Protein chains: 2
Amino acid sequence: MKRSKPKAVCCSPLLAGRLTSDETAHLAAIFRALGEPARLQMLSLIAAQPEQEVCACELVEPLGLSQPTVSHHLKVMYEAGLLARERRGTWIYYRILPEKLAMLREALS
Amino acid sequence: MKRSKPKAVCCSPLLAGRLTSDETAHLAAIFRALGEPARLQMLSLIAAQPEQEVCACELVEPLGLSQPTVSHHLKVMYEAGLLARERRGTWIYYRILPEKLAMLREALS
DNA sequence: CTTACATATTGACATGTATCAATATCGTTG
DNA sequence: CAACGATATTGATACATGTCAATATGTAAG
């Protein structure tokens with residue numbers, strides 16, 4: 001039972017020629033995760049923290065969204081590879097993965 | 001009758017602190033335009049042309065989509081400011097606006 | 001084990017959108 | 001003006017998704 005592929009797709013620069021179907025699917029999924037104002041708010045809010053991370057509970061009030069909705073958005077970004085999560089006791093902390101943003105900048109060149 | 005605003009929103013780096021509501025709405029609209037495999041295919045296809053542009057008709061066959069669907073995707077990217085359009089006779093040529101991509105790279109920093 | 005709190009999941013609903021066939025619009029050419 | 005080809009718009013349909021209330025799960029503390 002082999003894994004389908006080591007998931008090395010992604011990131012040829014968009015302007016450097018035609019992308020494969022895998023590349024466009026992968027890139028589009030990430031851009032779609034960024035295509036929501038609430039999620040961009042979350043990212044900028046995380047980046048604004050001195051520790052560069054927030055626990056999920058700290059996002060509910062400033063965003064004015066319900067806890068399930070916040071949880072949903074965090075999941076979307078986590079699955080897109082934009083966020084890392086770490087459990088510390090009862091709380092779960094999220095932080096931005098700067099490598100992923102760098103990868104996107106690369107793809108947009 | 002004043003215009004609502006000169007549309008100077010956008011582009012503070014995402015990681016530099018909290019974004020305004022206008023900024024996230026504007027940025028999200030652009031990312032949403034990129035969040036579709038077919039549209040990324042179009043961009044890479046345009047970039048692959050020696051002239052850095054295509055007429056709309058040239059996209060239908062390689063993408064395997066209907067003409068109305070291609071027209072729809074082009075409109076989405078045009079309205080997001082990613083593409084420029086120029087009519088030459090019967091044909092309409094689209095090209096990528098590299099400034100917009102540069103702006104996005106900036107926003108992702 | 002039970003209570004309390006943080007987070008995730010489920011279900012329901014409304015809205016958005018990708019797609020195509022059919023049709024309309026627009027330029028060019030006769 | 002009429003005919004033709006390229007592009008855009010409309011209408012219909014299927015599917016995706018943002019949102020919340022209700023509920024489940026998970027962890028720490030008594």
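Bear in mind that the values here come from a model prediction, so they are computed numbers and not experimental data. We name chains A, B, ... by the order of the sequence lines, and we start the count at 1 in each one.
- Counted within 6.0 Å of CZ on Arg105(B), heavy atoms from surrounding residues, nucleotides or ligands total more than 12; the atom is thus considered enclosed.
- Under a 3.5 Å cut-off, the side chain of Arg85(A) and the backbone N or O of Ile92(A) do not form any donor-acceptor pair.
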>> At under 4.0 Å between heavy atoms, how does the protein contact nucleotides 25-30 of chain D? Give one character per nucleotide, 5' to 3', with B, S or -.
In response: -SSS--
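- Close to dT7(D), at under 4.0 Å from its OP1 or OP2, lies no side-chain N or O of Ser71(B).
- At a threshold of 4.0 angstrom between heavy atoms, the contacts of Tyr94(A) are confined to the sugar-phosphate backbone, with no base atom among them.
- Under a cut-off of 6.0 angstrom, the local environment of CZ in Arg32(B) is crowded, with over 12 non-hydrogen atoms contributed by other residues, nucleotides or ligands.
- Not one N or O on the side chain of Gln49(A) forms a donor-acceptor pair closer than 3.5 Å with the backbone of Ile46(A).
- A donor-acceptor pair under 3.5 Å is absent between the side-chain atoms of Arg88(B) and the main chain of Tyr93(B), judged by distance alone.
- Of the two residues near DNA chain D, Gly35(A) and Pro68(A), the one whose nearest nucleotide lies more 5' is Gly35(A).
- Evaluation of atom-type donor-acceptor distances gives no pair under 3.5 Å for the side chain of Gln67(B) against the base of dA6(D).
- Computed from coordinates, the His72(A) NE2 to dA21(D) C1' distance equals 16 Å when rounded to whole Å.
- No side-chain donor-acceptor contact under 3.5 Å links Glu53(B) to the backbone of Tyr94(B).
- For His73(A) and dT19(D), the shortest distance from a side-chain N or O to OP1 or OP2 is below 4.0 Å.
- The nucleotide range of DNA chain C contacted by chain B, defined by atoms under 4.0 angstrom from heavy atoms of the protein and reported 5' to 3', is dT17(C) to dT28(C).
- The environment of CD in Glu51(B) is crowded: more than 12 heavy-atom neighbours from other residues, nucleotides or ligands sit within 6.0 Å.
- Residue Leu74(A) is tested with Leu82(A), Leu83(A), Val54(A), Thr69(A) for a side chain to side chain contact (heavy atoms under 4.5 Å, CB included); the sole match is Leu83(A).
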